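Since the structure comes first, as structure tokens, the remarks are kept for the end.
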Amino acid sequence: MAHWLLKSEPDAFGIENLKNRRNQTEPWDGVRNYQARNMMRDQMQVGDLGFFYHSNVKEPGIVGIIEIVSAGHPDPTAFDPHAKYYDPKSDPDHPRWYLVDVRFVRDLKRTISLSELKDHADDALAGFPLVRKGNRLSIMPVTDQQWEFILGLENG
DNA sequence: GCCAACGTTGGC
DNA sequence: GCCAACGTTGGC
């Protein structure tokens, strides 16, 4: 089982929104980045767990845990001319963009802030894309060691 | 609001 | 294939 981190701006869709969805489940749509697309399409598996990360807020950080509940499949919002993330270059016969469905698992007891994570950028979290300067990836892999380390911070 | 860093586009 | 221009991300 692999681990992931998924970013979202809570102004658009935060973990509170996810909790309020039917079955606390939501398609993670609107991703328009090839690296992130490839991970959803090719690597994510049902049962994988992910951190839910809030970006573009006063205190960016990890706020909860989600589970991947579907394999990658085409993102229908790319086909919809009225959708915000419509992409005319994607069509159902040759989909360009993919998504996975995610389900709320639990809140963290506290937000583990980006600044706290960066404190470990040179040791336990060395190589973790999130703490690298200029990182813009909205979906990234988390190694087992990084996952356990970050979970350990929750009680610290 | 600023701006550095990044990914994408398109001319050549 | 190169790379300048552009739009976006996202921390601060």
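All values reported here derive from a predicted model rather than from experimental measurement. Every chain is numbered from 1 and lettered A, B, ... according to where its sequence line falls, protein lines coming before strand lines.
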| 5′-ward residue of the pair Asn56(A)/Gly134(A) relative to DNA chain B | Asn56(A)

| Which residue lies more 5' along DNA chain B, comparing Asn135(A) with Arg96(A) via nearest heavy atoms | Asn135(A)

| Neighbour count above 12 (heavy atom, 6.0 Å) for Asp122(A) CG | no

[X] [atom1] - [N] [atom2] separation (whole Å):
X	N	atom1	atom2	value
Leu130(A)	dT9(C)	CG	C1'	13 Å
Arg132(A)	dG10(C)	CZ	P	14 Å
Gln35(A)	dT9(C)	CD	C1'	14 Å
Ile139(A)	dT9(C)	CD1	P	14 Å
Leu137(A)	dT8(B)	CG	C1'	15 Å
Glu59(A)	dG10(C)	CD	P	17 Å
Leu114(A)	dG11(C)	CG	P	6 Å

| request: Tell me, please, which residues at least two apart from Arg110(A) pass salt bridge (charged side-chain N to carboxylate O under 4.0 Å, His left out). | output: Glu116(A)

State which of [options] makes the closest approach to the side chain of [X].
X	options	answer
Tyr34(A)	dG10(C), dT8(B), dG7(B)	dT8(B)
Lys133(A)	dG7(B), dA5(B), dG10(C)	dA5(B)
Ser55(A)	dG10(C), dT9(B), dC12(C)	dG10(C)

| message | Heavy atoms only, 4.0 Å cut-off, all strands: where does Lys58(A) land among base, sugar-phosphate and nothing? | response | nothing

| field | Of residues 7-18 of chain A, the positions that come close to DNA chain C - non-hydrogen atoms, cut-off under 4.0 Å | value | Lys7(A)

| field | Pair Arg32(A) + Asp75(A), salt bridge at N-O below 4.0 Å | value | yes

| Is any side-chain heavy atom of Lys84(A) less than 4.5 Å from a side-chain heavy atom of Thr77(A)? | no

| query | Regarding Arg41(A) and Tyr34(A), is there a side-chain donor-to-acceptor distance under 3.5 Å anywhere? | reply | no

| query | Are Asp144(A) and His3(A) close enough that a side-chain donor and a side-chain acceptor fall under 3.5 Å? | reply | yes

| task | Considering just the side-chain nitrogens and oxygens of Tyr53(A), establish if one lies under 4.0 Å of OP1 or OP2 belonging to dG11(C). | result | yes

Pick out the pairs of N or O atoms, protein on one side and nucleotides 2-4 of chain C on the other, that lie under 3.5 Å.
none

| Within 45° of the six-membered ring axis of Tyr98(A) and under 6.0 Å from that ring's centre, is NZ or CZ of Arg37(A) located there? | no

| query | Can you tell which of Ile139(A), Asn135(A), Asn56(A) makes a side-chain contact (heavy atoms from CB on, under 4.5 Å) with Lys7(A)? | reply | Asn135(A)

| query | Hey, mind stepping through Val31(A) and Trp97(A) against side chain to side chain contact (heavy atoms under 4.5 Å, CB included) and telling me if it holds? | reply | CA-CA 7 Å; Val31(A) 173; Trp97(A) 303 113; 5.8 Å; no

